[in-house]
Amino acid sequence: MKHIPRKRFGQNFLTDQTVLDNIISAIAPNQDDVMVEIGPGLGAMTNLLLHALKQLHVLELDRDLVSYLQKKFDPAKLTIHSGDALRFDFSTIPTPADKKFRVVGNLPYNISSPLLFHLAEITSLVQDQHFMLQKEVVERMVAAPGSKVYGRLSVMLQWRYQMELLFVVPPTAFDPPPKVDSAIVRMIPITQPLACDAEKLEAVVTKAFSQRRKVIRNCVAGMFSENNLIDAGIDPGSRAETVSIEQFVRLANQQ
């Protein structure tokens, strides 16, 4: 089958065998793992995962690719879920009572952030996540306070996950080559995140980073007083990019 990659689905198919092998090595699948692959495409990584697993679930939006995968792989080993990952209910993945599932994938760049937030709602069901994303996005995800790219994505994901940029993947590893570098990130849910209401934290962080050049006192005016900031251990004259996750949580808990 000659599949023409579709821009509207953000399709860039990974073809470099060395990179594929490195990703599988990083994931280290065990035969009894319950694993979900998002966006299997033409099945390059799917094929390698199936060599290591008894069964694999994949989630694919493109119906032409669903048909292709159905013909290419043994249905006894590969369960195909046809649909949009942003709307998929991951809690429906059948998992033994004592196990969590693992999530992997080469995520379409055009939906990567919304999809990460969608998955963040089910961290209690997930053992770990390994994703290929735009390098710039991964750098934002793992950024530390004080970094110019530390922001809402950094705080909201680091509150829930331990994350690590594993390695960078060049455009030449794909067909068609994207215009940017990619990177592999490992995400391990934190068993007990700092106690905080997710919606309150999201509101505070969004407000704090709404005007990055302004000091945080001005960004959150109307939501918090200067004394609220001080009580959370935050210098009212500092910028949001210097505020730690712990400080944001303390601030959000004052609401």
Could you measure the distance from the [atom1] atom of [X] to the [atom2] atom of [Y]? Nearest 0.5 Å is fine.
X      : Y      : atom1 : atom2 : answer
Ser91  : Leu125 : OG    : CG    : 6.5 Å
Leu59  : Ile93  : CG    : CD1   : 7.5 Å
Asp235 : Gln247 : CG    : CD    : 9.5 Å
Leu86  : Leu119 : CG    : CG    : 9.0 Å
Thr95  : Asp33  : OG1   : CG    : 11.0 Å
Ile188 : Thr123 : CD1   : OG1   : 13.0 Å

Judged by atom type as modelled, is there a donor-acceptor pair below 3.5 Å linking the side chain of [X] to the main-chain atoms of [Y]?
X      : Y      : value
Ser25  : Asn22  : no
Lys72  : Gly43  : no
Gln55  : Val34  : no
Thr242 : Gly146 : no
Tyr68  : Gly41  : no
Arg239 : Arg213 : yes

Are [Y] and [X] linked, directly or through intermediate hydrophobic residues, by side-chain heavy-atom contacts shorter than 4.5 Å (ILVMFWY only)?
X      : Y      : answer
Val243 : Val215 : no
Val138 : Val149 : no
Leu49  : Leu166 : yes

Do the non-hydrogen side-chain atoms of [X] and [Y] ever get within less than 4.5 Å of each other?
X      : Y      : result
Ser112 : Gln134 : no
Val168 : Ser182 : no
Asp128 : Arg102 : yes
Leu48  : Gln17  : yes
Asp32  : Lys54  : yes
Gln255 : Met223 : yes
Tyr161 : Gln129 : yes
Pro236 : Ile230 : yes

* Asked: Hey, is Lys135 close enough to Glu139 for a salt bridge, meaning N to O under 4.0 Å?
  -> yes
* Does the pair Lys200 and Asp197 meet the rule for a salt bridge (Lys or Arg N to Asp or Glu O under 4.0 Å), with working shown? -> CA-CA 5 Å; Lys200 288 182 178 179; Asp197 178 83; 5.8 Å; no
Closest approach of [X] to [Y] (non-hydrogen atoms, all atoms of both residues):
X      : Y      : result
Phe131 : Ile38  : CE2-CD1, 4.3 Å
Pro189 : Gln127 : CD-O, 3.4 Å
Phe224 : Leu251 : CE2-O, 3.3 Å
Arg63  : Ser82  : CG-OG, 4.3 Å
Ala44  : Leu14  : CB-O, 3.7 Å
Asn30  : Leu53  : O-CD2, 3.1 Å

* To do: Sort out for me which residue in Ile190, Val205, Leu194 forms a side-chain contact (heavy atoms from CB on, under 4.5 Å) with Trp159.
  => Leu194
* Check: His118 ring centroid to Phe88 ring centroid under 6.0 Å -> no
* To do: Give the intermediate values and the outcome of side chain to side chain contact (heavy atoms under 4.5 Å, CB included) for residues Phe73 and Asn47.
  => CA-CA 8 Å; Phe73 296 107; Asn47 186 48; 3.9 Å; yes
* So which pairs with a foot in residues 185-194 pass side-chain hydrogen bond (donor to acceptor under 3.5 Å, both in side chains), sequence neighbours left out? -> His130-Arg186
* Asked: Between Asn228 and Ser225, does any side-chain donor sit less than 3.5 Å from a side-chain acceptor?
  -> yes
* To do: For side chain to side chain contact (heavy atoms under 4.5 Å, CB included), just list the numbers for Val180 and Glu136, CA-CA rounded to whole Å, side-chain angles, deciding distance to a tenth of an Å, and then say yes or no.
  => CA-CA 9 Å; Val180 295; Glu136 180 183 300; over 6 Å; no
* To do: Using a cut-off of 6.0 Å, state whether more than 12 heavy atoms not belonging to Gln70 lie near its atom CD.
  => yes
* To do: May I ask you to check whether over 12 heavy atoms, not counting those of Lys214, lie within 6.0 Å of atom NZ?
  => no
* Do Arg152 and Phe117 meet the cation-pi criteria used here (NZ or CZ under 6.0 Å from the six-membered ring centre, within 45° of the axis)? -> yes
* Yes or no on side chain to side chain contact (heavy atoms under 4.5 Å, CB included) for Leu78 and Asp74, after CA distance, side-chain angles and deciding distance? -> CA-CA 6 Å; Leu78 186 70; Asp74 180 356; over 6 Å; no
* Should the ring pair Phe248 and Phe209 be called parallel, tilted or perpendicular, given that the plane angle runs from 0 to 90° and is split at 30 and 60? -> tilted
* Asked: So Asp64 and Ser67, side chain to side chain donor-acceptor pair (under 3.5 Å) or not? Walk me through it.
  -> CA-CA 5 Å; Asp64 288 346; Ser67 178; over 6 Å; no
* **Pair Val126-Met187, side chain to side chain contact (heavy atoms under 4.5 Å, CB included): steps then yes or no** => CA-CA 10 Å; Val126 175; Met187 308 174 66; over 6 Å; no
